[in-house]
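This structure is a prediction, so every number in the text was calculated from the model and none was measured.
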Amino acid sequence: MVEARDSQKKNITAEKVCFFFPFLIFGISLLTIFFVPLGNGDEIWNYNFAANILKGRLPYRDFNMLQTPLSAYIAAAFLKVAGDGMLNFRILGFLLGMAVSGLLYELCCRISGSWTAAFVVVGLVLGYYSMVWIYDYNQLNLFIILVLMRLEYAQEKETSASFPVFTGVLYGLIPLIKQSTGMIFLLINGALVLRQMFKRKGRREALIQLICSLLPGSIFCIWLLASGIWTDFTDYAVLGISSFSNRFRWTEYISTSFINLLIGLFPVMTIFFSVRAIIGNKTRVGRRLHIRLLILSIGGLTVAYPLCDASHMYPAMVPFIICFFCCFEIKIQRFWQRIVCILTISGMSILSLLAAWLNVADDKLCSLAHFEKIPVQESREEMILEVERYILEQEKQGKSVLIADASAALYMIPIDHYHKDFDMLLVGNVGTKSVDELLADRQDTLYLVAEDETSALSQEHLELIHYIKNYYIKTDKVENFAVYSKNEK
């Protein structure tokens, strides 16, 4: 009896270690997001979406955005509770990262039967992923996809009347996060439901899942109509997509580095191994479940189109890790092997955090409004302050100032200014407006335009910038910006 109790206590202790220790290491890796210097455009724009909603502005009507707005509303709700500011926005990103890591780790553990193997793989992925991790719609989509995969796994083990409801609602939420990915997942859901309809068993559950998947989109459409922003939504999120000309192809991504080559080839190889395992009936989780997990993973690849860069390729790649575990038996059984793996991944996480800290060791903590306690180069903060002073001085003289540059929000957020279209002046993010329409009806307006275009983003609205430089009059200069006016007054 005593030996049995001792053995039981050891098992409980081991289970606790297997649960808490990996999360500790994942958390250390994700802490790197707090040491990223101020200036990431994607982070600033996504924060600005939430900040605008917090101020009572409506998407599309009052501020421009390309994607559907659920992720921005979730961030705004968090900032409402935790307090406005980029630091709290990063805390939300940290929490989302922990949720994604936890789901991925748990699924890999269940499929492989080895917590060490799951810890090694998730730890390696997170070591690279954390360098570009922010809270945005792509990462939120990844979370939803992983929850769907977890539900699919659960349905193989047990049945519940709530599964069709939860699954349907989750499928329906994805179009509200990103419309392009969402439409693909609605089609996937429709195909899976249609297949179930042809079977005698499960027709009622399939119908419930279909209805529930259509509810979020229906409510969203009603909200758009009731708010009077249907036309604005169509212009930015539907018609405006056609002007999104920025492309970064998969072939370009895999040619940038050896690591990117491995990451880019991973989904392709996993699809190959998964098809082979399914056809050969050698999958570790059963053919039906493996097929569904693979379909969800392939659907998730759409987040990397048309921008197949690191911030888009990582969330596209992650679901395939689960499919990879479905193909092979990966176990690390010997004690010394486990110790080596644990020390390696733990050391890598600690070193990555140390490297992130050293990268900003010479920086200061930002004192600008809404950016407080974010690492920033002192010269950058001084530049922002100088541009802000110039804007406020000109406004006292009755003039308005617009920054015709992708970085505009960086200067406007601390002074609580927002200018629709100009504060995210990117090709594909201004709807169907032409240059003439963007510049129309702007009397006594000064335009700040970057003098040096060598560091311009690929999505910069160069047509408008060149129009200002060619047809307007240069009247002044402030920091790296030349000041242009339609007339000399």
Quick check on [X]: does its [atom1] atom have over 12 non-hydrogen neighbours (other residues, nucleotides or ligands) under 6.0 Å away?
{"X": "Lys282", "atom1": "NZ", "result": "no"}
{"X": "Tyr128", "atom1": "OH", "result": "no"}
{"X": "Phe166", "atom1": "CZ", "result": "no"}
{"X": "Trp357", "atom1": "CH2", "result": "no"}

Would you confirm whether [X], through its side chain, and [Y], through its main-chain N or O, come within 3.5 Å as a donor-acceptor pair?
{"X": "Ser227", "Y": "Leu224", "value": "no"}
{"X": "Ser130", "Y": "Leu30", "value": "no"}
{"X": "Asn88", "Y": "Ala82", "value": "yes"}
{"X": "Asp423", "Y": "His419", "value": "yes"}
{"X": "Asp232", "Y": "Arg61", "value": "no"}
{"X": "Lys420", "Y": "Tyr60", "value": "yes"}
{"X": "Asn429", "Y": "Met65", "value": "no"}
{"X": "Glu156", "Y": "Tyr153", "value": "no"}
{"X": "Ser114", "Y": "Ala117", "value": "yes"}
{"X": "Arg284", "Y": "Ser112", "value": "yes"}

Give me the ring orientation class for Tyr105 and Phe23: parallel if the planes are under 30° apart, tilted from 30 to 60°, perpendicular past 60°.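 Judged by the thresholds at 30° and 60°, the geometry between Tyr105 and Phe23 is perpendicular.
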Describe, in one word, how the ring planes of Phe119 and Trp115 are oriented to each other, choosing from parallel (under 30°), tilted (30 to 60°) and perpendicular (over 60°).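 Correct class here is tilted.
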Give the intermediate values and the outcome of ring-ring contact (aromatic ring centres under 6.0 Å, His included) for residues Phe328 and Phe324. CA-CA 7 Å; Phe328 303 101; Phe324 185 82; 5.1 Å; yes
Just jot down the side-chain hydrogen bond (donor to acceptor under 3.5 Å, both in side chains) partners of [X], sequence neighbours excluded, or say none.
{"X": "Thr167", "answer": "none"}
{"X": "Arg287", "answer": "none"}
{"X": "Ser274", "answer": "His290"}
{"X": "Arg204", "answer": "none"}

For residues 183-192, tabulate all N or O donor-acceptor pairs below 3.5 Å that involve a side-chain atom, not counting sequence neighbours.
from, atom 1, to, atom 2, distance (Å)
Asn189, OD1, Gln209, NE2, 2.7
Asn189, ND2, Ser213, OG, 3.0

Could you walk me through whether Lys55 and Asp62 pass side chain to side chain contact (heavy atoms under 4.5 Å, CB included), step by step? CA-CA 11 Å; Lys55 293 181 175 79; Asp62 301 320; over 6 Å; no
Should [X] and [Y] count as side-chain neighbours, where that means a heavy-atom distance under 4.5 Å?
{"X": "Val360", "Y": "Val36", "answer": "no"}
{"X": "Cys108", "Y": "Ile321", "answer": "yes"}
{"X": "His417", "Y": "Tyr411", "answer": "no"}
{"X": "Ser311", "Y": "Asn138", "answer": "no"}

Once rounded to the nearest 0.5 Å, what's the spacing between atom [atom1] of [X] and atom [atom2] of [Y]?
{"X": "Leu96", "Y": "Gln139", "atom1": "CG", "atom2": "CD", "value": "7.0 Å"}
{"X": "Leu103", "Y": "Ile144", "atom1": "CG", "atom2": "CD1", "value": "10.0 Å"}
{"X": "Glu106", "Y": "Ser101", "atom1": "CD", "atom2": "OG", "value": "13.0 Å"}
{"X": "Ser71", "Y": "Asn46", "atom1": "OG", "atom2": "CG", "value": "6.0 Å"}
{"X": "Ile74", "Y": "Leu173", "atom1": "CD1", "atom2": "CG", "value": "8.0 Å"}
{"X": "Tyr73", "Y": "Lys80", "atom1": "OH", "atom2": "NZ", "value": "13.0 Å"}

Got a sec, which residues hit ring pair (Phe, Tyr, Trp, His ring centres under 6.0 Å) with [X], two or more places apart in sequence or on another chain?
{"X": "Tyr253", "value": "none"}
{"X": "Tyr129", "value": "Trp133, Tyr314"}
{"X": "Tyr171", "value": "none"}
{"X": "Phe272", "value": "none"}

Does the ring center of Phe94 lie less than 6.0 Å from the ring center of Tyr135?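 They do not qualify: ring centres at least 6.0 Å apart.
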Consider side-chain contact (heavy atoms from CB on, under 4.5 Å). Of Ile263, Val318, Val303, which one does Met313 pass it with?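 With Met313 as partner, side-chain contact (heavy atoms from CB on, under 4.5 Å) holds for just one option, Ile263.
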Indicate whether any N or O donor in one side chain lies under 3.5 Å from an N or O acceptor in the other, for [X] and [Y].
{"X": "Tyr47", "Y": "Asn52", "answer": "no"}
{"X": "His461", "Y": "Asp405", "answer": "no"}
{"X": "Lys433", "Y": "Tyr236", "answer": "yes"}

Given the rule in the side chain to side chain contact (heavy atoms under 4.5 Å, CB included) test, do Leu107 and Phe325 qualify, once you have shown the distances and angles that lead to the verdict? CA-CA 9 Å; Leu107 272 167; Phe325 273 98; over 6 Å; no
At their closest point, which heavy atom of [X] faces which heavy atom of [Y], and how far apart are they?
{"X": "Asn64", "Y": "Asp421", "answer": "OD1-N, 3.0 Å"}
{"X": "Pro216", "Y": "Val169", "answer": "CG-O, 3.9 Å"}
{"X": "Asn141", "Y": "Lys178", "answer": "ND2-CB, 3.4 Å"}

The test is side chain to side chain donor-acceptor pair (under 3.5 Å); show your working for His370 and Asp416 and say whether it passes. CA-CA 9 Å; His370 307 291; Asp416 291 309; 2.6 Å; yes
Audit row: Phe220, Phe233, ring-ring contact (aromatic ring centres under 6.0 Å, His included) steps and yes/no: CA-CA 11 Å; Phe220 178 60; Phe233 167 76; 5.5 Å; yes
Would you mind listing every salt bridge (charged side-chain N to carboxylate O under 4.0 Å, His left out) that reaches into residues 111-120, with sequence neighbours excluded?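 Those involving residues 111-120 do not exist here.
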What pairs meet the salt bridge (charged side-chain N to carboxylate O under 4.0 Å, His left out) rule with one or both residues in residues 38-48, with sequence neighbours excluded?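 Of all non-adjacent pairs touching residues 38-48, those that pass salt bridge (charged side-chain N to carboxylate O under 4.0 Å, His left out) are Glu43-Arg90.
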Who are the salt bridge (charged side-chain N to carboxylate O under 4.0 Å, His left out) partners of Arg57, not counting sequence neighbours?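 So Arg57 forms no salt bridge (charged side-chain N to carboxylate O under 4.0 Å, His left out) with any residue.
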